[in-house]
Number of protein chains: 2
Amino acid sequence: MALFTLARPPQTNTAKRRQLSCGDQLHQAGDEGLAWRLQRGVLRLDGPQGFASLAIAGDIVGCETLLFGVYTFSASALTDCQLSPWPEGDPALSGESLLSSLARAQQRAAEIIALRGGQAVDRVLGLIRLLAGTDGGVVLPPRQAIADITDLRFETISRIVKQLERAGVLVPERVAGVHATRSFRYVAGQ
Amino acid sequence: MALFTLARPPQTNTAKRRQLSCGDQLHQAGDEGLAWRLQRGVLRLDGPQGFASLAIAGDIVGCETLLFGVYTFSASALTDCQLSPWPEGDPALSGESLLSSLARAQQRAAEIIALRGGQAVDRVLGLIRLLAGTDGGVVLPPRQAIADITDLRFETISRIVKQLERAGVLVPERVAGVHATRSFRYVAGQ
DNA sequence: CGAGCACTTGATCTATGTCAACGGTAGTGG
DNA sequence: CCACTACCGTTGACATAGATCAAGTGCTCG
């Protein structure tokens, strides 16, 4: 197994907070840059073979730059996102913070894997639950992005979203500056 | 976001090395126990909804026990495995070691996600590549386990394995004490 | 007002699921 | 050593969820 060395001294990341809106790109694979903690929103990570993973509020993105200097994945926002530079605290690379990030990453992987198995409707619903705020408001990414994540086709996603709409699970809800076909209220099934 | 505290003081894990053979279970979700580093082999992790993830040589398994005291997933061996207790070193929870584990976990997630998308044959081949040693020798897990990981059915796996065998990609190879239908040599396609 | 997307919808096709029967192998108990 | 059982794997016939192909429609923005 390779031994890694830090590409930079383990100092606090002094970059500024960052805000992304749905669709914006944070970085591309191979770019130089720093690591972030995702405070709010959902990011999509892509590798050379397409969709690679999701990052959700609390996750650390791009931590590999501290080891290799460059990002392994491209990252773009599926919803509006808020990011803060990482490492953040004083004993920033403290074992405990990293340990919970590691546990969280493994938990996350299981959730995403679940989005790629089972019936098409359930996969889409699973993703919607990840994207929905606690108030039930959801702004869906483009159909094609949902398709990439769930390993379905965008026509299938379109049919499923419409079907959920007709079933009353998704209620269309106009939000300023958002495609009319994308903002909904998710009514959790009883 | 929740704040975690360590369930145990961050001391070196003094448990002994452990060896598993194909099929053995390391622990069940909810059990108390310690964390391990997987030195050799491939483990399957299962959550409440079934297959959750794979762990591959170098990965840390069960690190959440340091936070919660119990395992989140059940773990069982897909191939013969060798485990060593973790944390291992002196400044064991050192940032750098954890950081590379975190980067590795994210990389791993992407690999496993790739096993659940695209054509059935490619998914199975992807898994075989993960399982094959550098010498090309592979001992496949039962068809049902392959099916769980790739989100296919065991009949489909059976057909695909046979098809790869007929195509000369997998060459049957008797190994003592292993089901005759499971040990092969993987001949990488040019 | 027109161009370019993203989405919708229908018709058809196909990869994979499902169901069912059967064969081999390992283990167990007589 | 020989039933007998319990898995696991194989194979065929058939069903279907979702893919694919092909028009449309309707936002959004210049």
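Residue numbers begin at 1 in each chain, while the letters A, B, ... track the order of the sequences. This structure is a prediction, so every number in the text was calculated from the model and none was measured.
Scanning for side chain to side chain contact (heavy atoms under 4.5 Å, CB included) contacts around Pro141(A) gives Leu78(A), Leu131(A), Ala145(A), Ile146(A), with sequence neighbours left out. Residues meeting the side chain to side chain contact (heavy atoms under 4.5 Å, CB included) test with Ala55(A), sequence neighbours left out: Leu38(A), Leu43(A), Asp59(A), Val61(A). Gln28(B) is linked by a side chain to side chain contact (heavy atoms under 4.5 Å, CB included) to Gln25(B), Asp31(B), Ser74(B), counting only residues two or more places apart in sequence or in another chain. Evaluation of the side chain to side chain contact (heavy atoms under 4.5 Å, CB included) rule for Ala52(A) yields Phe73(A), Ala110(B) as partners, not counting sequence neighbours.
Within the structure, side chain to side chain donor-acceptor pair (under 3.5 Å) contacts touching residues 151-167 of chain A (residues at least two apart or in different chains) do not occur. Among residues at least two apart or in separate chains, there is no salt bridge (Lys or Arg N to Asp or Glu O under 4.0 Å) pair with a member in residues 77-87 of chain A. Legend: salt bridge (Lys or Arg N to Asp or Glu O under 4.0 Å) pairs involving residues 111-124 of chain A, not counting sequence neighbours, sorted by first then second residue: Arg108(A)-Glu111(A). Among residues at least two apart or in separate chains, salt bridge (Lys or Arg N to Asp or Glu O under 4.0 Å) pairs with a member in residues 173-187 of chain B are Glu173(B)-Arg185(B).
Residues Val121(B) and Ile112(B) share a hydrophobic cluster, clusters being chains of Ile/Leu/Val/Met/Phe/Trp/Tyr side chains in contact below 4.5 Å.
Side-chain nitrogen and oxygen atoms of Thr156(B) include at least one within less than 4.0 Å of the OP1 or OP2 phosphate oxygen of dG17(C).
Arg143(B) places its CZ atom 17 Å from the P atom of dT16(C), with the value rounded to the nearest Å. Put simply, CD on Gln163(A) is 13 Å from P on dG10(C), counting in whole angstrom units.
Using a 4.5 Å heavy-atom cutoff, the side chains of Asp148(B) and Phe154(B) are not in contact. Between Arg44(A) and Ser53(A) the shortest side-chain heavy-atom distance does not fall below 4.5 Å.
Residues from residues 115-124 of chain B placing a heavy atom under 4.0 Å of any atom in DNA chain C, listed by number, are Gln119(B), Ala120(B).
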At a cut-off of 3.5 Å, list every protein nitrogen or oxygen paired with a nitrogen or oxygen from nucleotides 19-28 of chain C, distance to 0.1 Å.
{"unit_1": "dC19(C)", "atom_1": "N4", "unit_2": "Glu155(B)", "atom_2": "OE2", "d": "3.3"}

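Residue contacts for Ile157(B): at a heavy-atom cut-off of 4.0 Å it reaches no nucleic acid atom on any strand shown.
The two residues Val139(B) and Thr79(B) come nearest to each other via the heavy atoms O-CG2, 4.2 Å. The two residues Trp36(B) and Trp86(B) make their nearest non-hydrogen contact at C-CB, 3.7 Å.
Each of Ser158(B) and Asp151(A) lies near DNA chain D, and the nucleotide nearest Ser158(B) is the one positioned closer to the 5' end.
Here the range on DNA chain D touched by chain A, meaning any atom under 4.0 Å from one of its heavy atoms, is dG18(D) to dT28(D).
Comparing the local axis fitted to the first five base pairs of the helix from dC1(C)-dG30(D) to dG30(C)-dC1(D) with the one fitted to its last five gives a bend of 50°, rounded to 10°.
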